[in-house]
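As the structure is a computational prediction, the values presented were derived from the model and not from experiment. One-based numbering along the sequence shown.
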Amino acid sequence: MLKKFKAKWNIESDWQLIVIFVVFSITGSAAMVVRKLVFGWMGIGPDTSLWIKIPLYIAILLPAYQLLLLVIGGLLGQFRFFYEFQKKNFRFMNRKRD
């Protein structure tokens with residue numbers, strides 16, 4: 001399974017793959033912390049309607065995750081990988097549907 005990731009992402013060493021997985025896990029946790037801080041700052045609590053929370057959750061979490069992925073990836077020496085990873089994902093999302 002790890003060989004598939006290495007081939008797909010054009011990674012040469014197991015160590016780089018481990019660092020990339022660590023970056024993904026740290027980024028997910030950090031994005032949730034950012035969401036919690038922003039919700040607290042905005043005064044959104046358990047009694048707030050889901051019709052308000054869900055769109056704000058998405059609007060906060062998606063950009064925070066993308067930014068944190070680049071920052072944390074850069075701090076751990078994998079900026080180029082995550083920059084290319086995000087470019088590839090944005091190209092996929094922006095492609096025209098038939």
Practice task
Calculate, to the nearest 0.5 Å, the distance between atoms CG and CG belonging to L61 and L56 respectively.
Solution key: 11.5 Å
Problem - CG on L69 to CZ on F79, rounded to 0.5 Å - result: 10.0 Å
Handout entry: Inter- and intrachain pairs under side chain to side chain donor-acceptor pair (under 3.5 Å), touching residues 22-33, at least two apart
Key = none
Name every donor-acceptor pair, under 3.5 Å, that has one atom in a side chain of residues 11-22 and the other anywhere in the protein, sequence neighbours excluded.
from: S13; atom 1: OG; to: Q16; atom 2: N; distance (Å): 3.1
from: D14; atom 1: OD1; to: K6; atom 2: NZ; distance (Å): 2.8
from: Q16; atom 1: NE2; to: Q78; atom 2: OE1; distance (Å): 3.0

Exercise for the section: Report yes or no: do L75 and L68 belong to one cluster of Ile/Leu/Val/Met/Phe/Trp/Tyr joined by side chain heavy-atom distances under 4.5 Å? Expected result: no
Problem - Shared hydrophobic cluster, I60 / I26 (ILVMFWY, side-chain heavy atoms < 4.5 Å) - result: yes
Let me have the donor-acceptor pairs involving side chains of residues 30-49, under 3.5 Å, with sequence neighbours excluded, atom names and distances please.
from: T48; atom 1: OG1; to: G45; atom 2: N; distance (Å): 3.1
from: T48; atom 1: OG1; to: G45; atom 2: O; distance (Å): 3.2
from: S49; atom 1: OG; to: W51; atom 2: N; distance (Å): 3.1

Fill in the blank from the handout: Under a side-chain separation threshold of 4.5 Å, the hydrophobic residues clustered together with I54 are L50, I58, L62
Practice task
Identify, with sequence neighbours excluded, every residue that meets ring pair (Phe, Tyr, Trp, His ring centres under 6.0 Å) alongside F81.
Solution key: W9, F85
Fill in the blank from the handout: Sorted by chain and number, sequence neighbours left out, ring pair (Phe, Tyr, Trp, His ring centres under 6.0 Å) with Y57 holds for none
Handout entry: Of all pairs that satisfy salt bridge (Lys or Arg N to Asp or Glu O under 4.0 Å), the ones with a partner from residues 63-80, not counting sequence neighbours
Key = none
Problem - side chain to side chain donor-acceptor pair (under 3.5 Å): pairs with one or both residues in residues 61-72, sequence neighbours excluded - result: Q66-Q86
Handout entry: Residues which pass side chain to side chain donor-acceptor pair (under 3.5 Å) with K53, listed by chain and number, not counting sequence neighbours
Key = none
Handout entry: Cluster check L76, V71: I/L/V/M/F/W/Y, side chain < 4.5 angstrom
Key = no
